[in-house]
Amino acid sequence: MSARLVRLVGRGFLRVFLVVVALVWLVPTFGLFLTSLRSVTDNNSGGWWTVFARPAQLTLDNYANLLKNDTILDGFVNTVLIAVPSTLLVVTIAALAAYAFAWLEFPGRDWLFLGVVGLLVVPVQIGLIPLAELFGEIGIMGSVVGVVLFHVAFGLPFAIFLLRNFFAAIPASLLEAARIDGGRDWTIFFRVILPLGLPAIASLGIFQFLWVWNDLLIALIFADRDSQPLTVALQQQTRSFGSSVDVISAGSFLSLIVPLAVFFGFQRYFVQGVLAGSVK
């Protein structure tokens with residue numbers, strides 16, 4: 001009885017602790033949301049928590065003004081045009097390459113995979129100047145295409161490494177049974193590998209999308225005024241924090257909505273991908 005009571009108390013304490021951690025983690029997001037619903041004058045006069053004492057501060061004027069800002073709207077569209085292709089290309093190419101590295105026999109396979117693993121240690125900063133020169137020579141510097149290609153190039157090594165290890169853990173008997181039934185490599189890939197690898201693929205897609213969506217460094221260097229994403233648009237709209245808090249708060253929360261929607265929309269697959277391989 002005492003051991004059971006200790007377990008129950010321990011579980012209760014753990015749950016309370018996790019709830020407290022979750023609430024603390026959500027405080028900045030909640031504060032940003034309330035700040036975006038207050039005027040510049042109210043934000044300068046007191047913190048966002050004062051809205052509980054004076055709920056009349058809440059207004060949608062910041063969002064109305066934001067939707068009239070062509071720079072912000074164009075940045076939002078450019079962010080979608082950059083993040084979606086970058087994610088789809090990385091996931092598609094990585095899934096095909098991972099299947100080849102995991103289950104196909106070809107000369108130099110292990111050495112090529114070691115090369116991919118070696119690319120994981122290459123920092124993004126090393127490729128900025130060489131790729132900027134290359135993109136300038138081929139005429140894609142400053143365009144959405146250039147930003148997408150950079151993200152794809154630096155996202156592939158980790159993506160291939162992650163999916164290859166996941167695909168390699170799939171029982172070989174499933175693939176052998178598919179081959180006995182007459183399945184070719186494309187059939188096995190689409191009907192066996194992809195369904196079983198969906199949790200890992202979804203997890204990879206979430207990480208890649210969030211990384212690209214929130215990127216500022218690459219966009220500052222490889223995007224011009226017509227192709228700049230929302231992060232750069234917000235940075236350029238910044239005047240000083242005291243006078244541009246309306247743009248910063250509303251624009252930042254607008255930029256936050258899409259990643260949150262993507263994460264919660266694929267949460268089930270994300271959890272399955274994290275737990276994959278933890279149990280037999």
Side-chain angles (χ1 to χ4, degrees), residues 18 21-22 25-26 29 76-104 113 116-117 119-120 124 144 147-175 177-178 183-216 218-219 229-231 253-280:
L18 292 177
V21 170
W25 182 79
L26 288 174
T29 303
F76 185 85
V77 173
N78 288 333
T79 304
V80 175
L81 295 177
I82 292 172
V84 174
S86 298
T87 303
L88 293 179
L89 286 173
V90 166
V91 170
T92 301
I93 298 174
L96 293 170
Y99 172 66
F101 281 125
W103 294 106
L104 298 183
F113 184 68
V116 172
V117 174
L119 291 175
L120 291 173
V124 173
V144 171
V147 181
V148 170
L149 289 180
F150 191 98
H151 283 301
V152 171
F154 275 87
L156 278 176
F158 173 75
I160 294 174
F161 174 77
L162 176 68
L163 293 184
R164 184 267 176 189
N165 291 339
F166 187 91
F167 291 170
I170 295 176
S173 58
L174 294 178
L175 279 72
R184 297 181 178 272
D185 288 324
W186 283 109
T187 304
I188 295 174
F189 177 76
F190 284 107
R191 296 191 177 184
V192 179
I193 299 297
L194 286 187
L196 293 176
L198 185 59
I201 293 174
S203 300
L204 171 63
I206 291 174
F207 280 119
Q208 177 67 16
F209 182 85
L210 294 181
W211 177 54
V212 177
W213 184 274
N214 295 318
D215 169 70
L216 176 62
I218 309 306
L230 186 56
T231 51
F253 194 78
L254 177 65
S255 177
L256 184 66
I257 291 176
V258 175
L260 283 177
V262 170
F263 178 80
F264 286 112
F266 292 91
Q267 183 182 18
R268 177 167 60 92
Y269 298 107
F270 177 76
V271 173
Q272 292 176 1
V274 172
L275 296 178
S278 61
V279 293
K280 292 292 185 180

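Along the sequence shown, residues are numbered consecutively beginning with 1.
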Kindly determine whether L149 and L89 satisfy side-chain contact (heavy atoms from CB on, under 4.5 Å), including the steps that lead there.
CA-CA 9 Å; L149 289 180; L89 286 173; 5.7 Å; no
Using side-chain contact (heavy atoms from CB on, under 4.5 Å), reason through F76 and V258 one step at a time and then give a plain yes or no.
CA-CA 10 Å; F76 185 85; V258 175; 3.8 Å; yes
Checking W211 against F154 for the side-chain contact (heavy atoms from CB on, under 4.5 Å) test, could you report, in this order, the C-alpha distance in whole Å, the side-chain angles of both residues, the deciding distance, and whether it holds?
CA-CA 11 Å; W211 177 54; F154 275 87; 4.2 Å; yes
List the steps and the verdict of side-chain contact (heavy atoms from CB on, under 4.5 Å) for L256 and F253.
CA-CA 5 Å; L256 184 66; F253 194 78; 4.2 Å; yes
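Between the CG atom in D185 and the CG atom in L96 there is a gap of 11.5 Å [rounded to 0.5 Å]. Atoms CZ and CG, from F167 and L194 in turn, are 6.5 Å apart once rounded to the nearest 0.5 Å. Going from atom CG of L88 over to atom CD of Q208 covers 10.0 Å, rounded to the nearest 0.5 Å.
The minimum heavy-atom distance between A168 and A102, with the atom names listed, is N-CB, 4.0 Å. The two residues P229 and N78 have their closest heavy-atom pair at CA-CB, 4.2 Å. A pairwise comparison of heavy atoms in L230 and S255 identifies CD2-CB, 3.4 Å as the closest pair.
Listed for the S86 side chain is no donor-acceptor partner under 3.5 Å among the backbone atoms of H151. W103 contributes no side-chain N or O that, together with a main-chain N or O of A172, makes up a donor-acceptor pair within less than 3.5 Å. Proximity of a side-chain donor or acceptor of T231 to a complementary backbone N or O of D215 within less than 3.5 Å is detected.
Side-chain contact between L210 and V262: absent, with no pair of heavy atoms (C-beta onward) separated by less than 4.5 Å. V212 has its side chain out of reach of V148: every pair of non-hydrogen atoms, C-beta onward, lies at least 4.5 Å apart. Between L174 and L196 there is a side-chain heavy-atom pair separated by less than 4.5 Å.
Just one of F190, F189, F166 meets the ring pair (Phe, Tyr, Trp, His ring centres under 6.0 Å) condition when paired with Y99; it is F189.
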